[in-house]
Amino acid sequence: MATPHDATTPHETAAHAAEREAAGRGATPHEPGSVGVTVPTPDLMRDLGRRLAALLAPGDLVLLSGELGAGKTTLARGLGEGLGVRGAVTSPTFVIARVHPSLTAGPALVHVDAYRLGGGLDEMEDLDLDVSLPESVVVVEWGDGKVEELSEARLQVVIARTVGGPADGDGEGDDVREVTVTGVGPRWTGQDLTALRA
């Protein structure tokens with residue numbers, strides 16, 4: 001039987017509903033080292049990726065979570081643009097992983113789609129992510145419960161569609177997302193993530 005907390009109430013805002021959903025997936029929006037950002041369009045999702053890239057350094061691990069079509073690859077595309085890497089960042093579903101070398105002497109971007117991988121880290125050993133991580137930024141879509149052991153620190157990015165978000169010019173509100181970014185581990189202790197709201 002559903003409880004009052006299982007559904008959005010008339011007095012609950014879309015942002016609160018998205019935050020509650022994100023919290024249910026392991027990200028707590030109000031904990032230290034966590035920030036929530038409302039993203040109304042795909043172009044602004046790419047902008048968020050570019051801002052996120054400015055915070056990243058070689059060795060960083062980023063886990064992207066969200067339902068199909070939530071905007072994970074769009075965010076990763078912005079990350080690639082922000083890092084100045086070679087090649088268009090597209091979904092790596094069929095190749096599982098793509099490496100995008102830097103064009104600016106910065107870190108390479110290793111973009112992984114773990115959707116089709118049912119196992120944990122053992123199943124991903126052939127990707128050599130543990131070798132790539134120290135000199136690259138590794139971004140893993142659908143990586144929850146599979147790659148956390150790669151690093152003691154990571155950024156957890158949860159993308160949720162808002163419920164009843166504001167409509168765009170076509171009368172649709174489907175593009176509105178609530179993105180929660182949470183820093184986990186010593187790398188992100190004390191890091192200010194509020195610049196992501198700019």
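Heavy-atom basis, side chains included; hydrogens, waters and symmetry copies ignored. Numbers here are sequence positions counted from 1.
- Between the CG atom of D113 and the NZ atom of K72 there is a distance of 8.0 Å, given to the nearest 0.5 Å.
- Partners of A105 according to the side-chain contact (heavy atoms from CB on, under 4.5 Å) rule, which considers only residues two or more places apart in sequence or in another chain, do not exist here.
- Residues L55 and W188 share a closest heavy-atom pair of O-CH2, 3.7 Å.
- Scored by the salt bridge (Lys or Arg N to Asp or Glu O under 4.0 Å) test, R46 finds E81 as partners (sequence neighbours excluded).
- Put simply, the side chain of M45 reaches to within 4.5 Å of the side chain of I159, judged on heavy atoms.
- For T189, the side-chain contact (heavy atoms from CB on, under 4.5 Å) criterion is met by no residue, not counting sequence neighbours.
- Residues passing the side-chain contact (heavy atoms from CB on, under 4.5 Å) test with S151 are L61, L133, A153, sequence neighbours excluded.
- Applying the side-chain contact (heavy atoms from CB on, under 4.5 Å) test to T194 and every residue at least two apart in sequence or in another chain returns D192, R197.
- Taking every heavy atom of both residues into account, T38 and V176 meet most closely at CG2-CG1, 4.1 Å.
- Inter-residue side-chain proximity for D144 and Q156 is flagged as met; some heavy-atom pair is nearer than 4.5 Å.
- Side-chain contact check for V110 versus V137: every heavy-atom pair is 4.5 Å or farther apart.
- Contact record, T73 with V89: CG2-O, 4.4 Å, taken as the closest heavy-atom pair.
- A 4.5 Å side-chain heavy-atom check between L155 and L56 finds at least one atom pair inside the cut-off.
- Contact annotation: the side chain of V139 approaches that of L79 to within less than 4.5 Å [non-hydrogen atoms, C-beta and beyond].
- Counted by atom type alone, T162 and E178 present zero donor-acceptor pairs between their side chains at under 3.5 Å.
- The side-chain heavy atoms of E141 and V112, taken from C-beta on, include no pair separated by under 4.5 Å.
- Around atom CD of E152, no more than 12 heavy atoms belonging to other residues, nucleotides or ligands sit under 6.0 Å away.
- Taking the ring-ring contact (aromatic ring centres under 6.0 Å, His included) definition, one finds that W142 meets it with Y115, sequence neighbours left out.
- Looking only at side-chain heavy atoms (C-beta outward), V140 and L64 stay at 4.5 Å or farther from each other.
- Here the closest heavy-atom approach between residue P58 and residue P107 is recorded as CG-CB, 3.9 Å.
- Atom CZ of residue R50 and atom CG of residue L196 lie 13.5 Å apart, to the nearest 0.5 angstrom.
- A pairwise comparison of heavy atoms in H100 and G87 identifies ND1-O, 3.7 Å as the closest pair.
- The shortest non-hydrogen separation linking T104 to L83 is OG1-O, 3.6 Å.
- In this structure, the separation between OG1 on T182 and CG on L63 is 11.0 Å, given to the nearest 0.5 Å.
- Between L44 atom CG and T74 atom OG1 the span is 11.5 Å, to the nearest 0.5 Å.
- You'll find the side chain of V39 stays beyond 4.5 Å of the side chain of T41, heavy atoms only.
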